[in-house]
Amino acid sequence: MTTFTFRLEKVLRWRQAKLDLEQFALGRLAAECARWDAKLAEVEHARSEAEKAVLSSGPVEGGDLAALARYQEHLHNEKQAMLARRRDCEHRIEQQRERLLDARRAYRLLEKLRQVRRAEWETAVDREFEALAAETYLARWAPRQRRVPQR
């Protein structure tokens with residue numbers, strides 16, 4: 001009996017490695033988007049803390065309000081830049097998901113072909129065992145037939 005060998009096993013392993021790599025890249029991009037979310041939250045927190053600090057400090061002068069307005073403008077610009085980077089990150093995630101989906105399809109295609117080939121091999125092995133069993137039975141049966149006297 002021969003053992004099962006899939007001629008495209010190396011290609012299957014390569015596609016598995018590519019699939020793993022694409023999944024890793026998607027995870028990396030998701031982590032990057034999470035970092036942008038955290039930075040956006042920090043900016044929003046800084047804005048609200050600055051407002052609270054100025055408004056809770058007692059009488060507010062015009063210079064304080066002007067400084068607060070400039071700081072809020074700075075934070076707003078920073079937030080807009082971060083939002084743009086976050087949107088870019090989301091766009092790259094969508095592209096990476098497409099690459100991951102393509103890699104998954106390619107891997108599954110070969111995996112399915114491997115399963116079909118294995119089923120064919122198992123069927124051939126079963127036939128071989130049946131033929132061997134039939135030959136063994138016939139080999140044992142034939143000598144008995146010769147011993148029976150003929151009339």
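Values below: all heavy atoms of this structure, side chains included; hydrogens, waters and symmetry mates excluded.
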Chemist: Before accepting this row, confirm whether a basic side-chain N of the pair E90/R87 lies closer than 4.0 Å to the acidic partner's carboxylate O.
Modeler: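 Judged by the 4.0 Å cut-off on N to carboxylate O distance, E90 and R87 do not form a salt bridge.
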Chemist: Look at the side-chain heavy atoms of Ile, Leu, Val, Met, Phe, Trp and Tyr, link any pair under 4.5 Å apart, and say whether L21 and L12 land in one connected group.
Modeler: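 Unlinked, L21 and L12 end up in two clusters.
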Chemist: Evaluate L40 against E44 for side-chain contact (heavy atoms from CB on, under 4.5 Å), listing each step before the verdict.
Modeler: CA-CA 6 Å; L40 284 165; E44 189 58 35; over 6 Å; no
Chemist: Side chain of R15, backbone of A106: donor and acceptor closer than 3.5 Å?
Modeler: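 Such a contact is found between R15 side chain and A106 backbone.
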Chemist: Do any pairs count as a disulfide (SG to SG under 2.5 Å) and have a residue in residues 33-94, sequence neighbours left out, and if so which ones?
Modeler: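 Listed by first then second residue: C33-C89.
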Chemist: Assess whether a salt bridge exists between R92 and E32, defined as any Lys/Arg side-chain N lying under 4.0 Å from an Asp/Glu carboxylate O.
Modeler: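 Judged by the 4.0 Å cut-off on N to carboxylate O distance, R92 and E32 do form a salt bridge.
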Chemist: Taking atom CD as the centre, does E61 end up with more than 12 heavy-atom neighbours from other residues, nucleotides or ligands that are less than 6.0 angstrom away?
Modeler: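 12 or below, so no.
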Chemist: Let me confirm one number: the CH2-OG1 distance from W121 to T5, rounded to the nearest 0.5 Å.
Modeler: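 It comes to 9.0 Å.
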Chemist: According to ring-ring contact (aromatic ring centres under 6.0 Å, His included), does anything in residues 74-116 pair up with another residue at least two apart or in another chain? List the pairs.
Modeler: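 The answer is none; no pair qualifies.
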Chemist: Same hydrophobic cluster for V54 and V43, using side-chain heavy-atom links shorter than 4.5 Å among ILVMFWY?
Modeler: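 No, no single cluster joins them.
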Chemist: I'd like to check R97 versus L101 (side-chain heavy atoms, cut-off strictly below 4.5 Å). Are they in contact?
Modeler: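 Answer no - side chains too far apart.
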Chemist: Please assess T123 against E120 for the test side-chain contact (heavy atoms from CB on, under 4.5 Å), listing each intermediate value before the final yes or no.
Modeler: CA-CA 5 Å; T123 303; E120 290 171 352; 5.7 Å; no
Chemist: For the pair E78 and K39, find out whether any cationic side-chain nitrogen is under 4.0 Å from an anionic carboxylate oxygen.
Modeler: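 Looking at E78 and K39, the cut-off is not met.
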Chemist: Can you find a heavy atom in the side chain of R117 that is under 4.5 Å from one in the side chain of F4?
Modeler: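 Sidechains of F4 and R117: in contact.
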Chemist: Any sub-3.5 Å donor-acceptor pair from Q96's side-chain atoms to E22's backbone N or O?
Modeler: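 Checking the backbone N and O of E22 against the side chain of Q96, a donor-acceptor pair under 3.5 Å is found.
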Chemist: For the residue pair Q16 / E111, report whether a side-chain donor-acceptor contact shorter than 3.5 Å exists.
Modeler: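 There is no such pair (donor and acceptor under 3.5 Å, judged by atom type) between the side chains of E111 and Q16.
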Chemist: Going from CZ on F129 to OG1 on T136, what distance comes out if it is rounded to the nearest 0.5 angstrom?
Modeler: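 Between atom CZ of F129 and atom OG1 of T136 there are 11.0 Å.
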Chemist: Could you state the interatomic distance from NZ (K18) to CG (L100), rounded to the nearest 0.5 Å?
Modeler: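 Here the interatomic distance stands at 10.0 Å.
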Chemist: Membership question, hydrophobic clusters at under 4.5 Å side-chain separation (ILVMFWY): are W14 and F6 in the same one?
Modeler: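 Hydrophobic grouping puts F6 apart from W14.
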Chemist: Side chains of E49 and K52: does their closest heavy-atom pair fall under 4.5 Å?
Modeler: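 With C-beta onward as the side chain, the pair touches.
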Chemist: In plain terms, say whether D102 and R105 are close enough for a salt bridge, that is, a side-chain N and a carboxylate O under 4.0 Å apart.
Modeler: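 R105 and D102: salt-bridged.
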Chemist: What's the spacing between L113 CG and R7 CZ if we round to 0.5 Å?
Modeler: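 Going from the CG atom of L113 to the CZ atom of R7 covers 9.0 Å.
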Chemist: What distance separates L26 CG from F24 CZ, expressed to the nearest 0.5 Å?
Modeler: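 Between L26 CG and F24 CZ, I get 11.0 Å after rounding to 0.5 Å.
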Chemist: Hey, any chance L19 and V11 share a hydrophobic cluster, counting ILVMFWY side chains that come within less than 4.5 Å of each other, even indirectly?
Modeler: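 Yes: a chain of side-chain contacts under 4.5 Å links L19 to V11.
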Chemist: Would a single hydrophobic cluster contain both L75 and M82, if residues Ile, Leu, Val, Met, Phe, Trp and Tyr are joined by side-chain heavy-atom contacts under 4.5 Å?
Modeler: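 Same cluster.
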Chemist: Drop me the distance from Q115's CD to E122's CD, to the nearest 0.5 angstrom.
Modeler: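 These two atoms lie 10.5 Å from each other.
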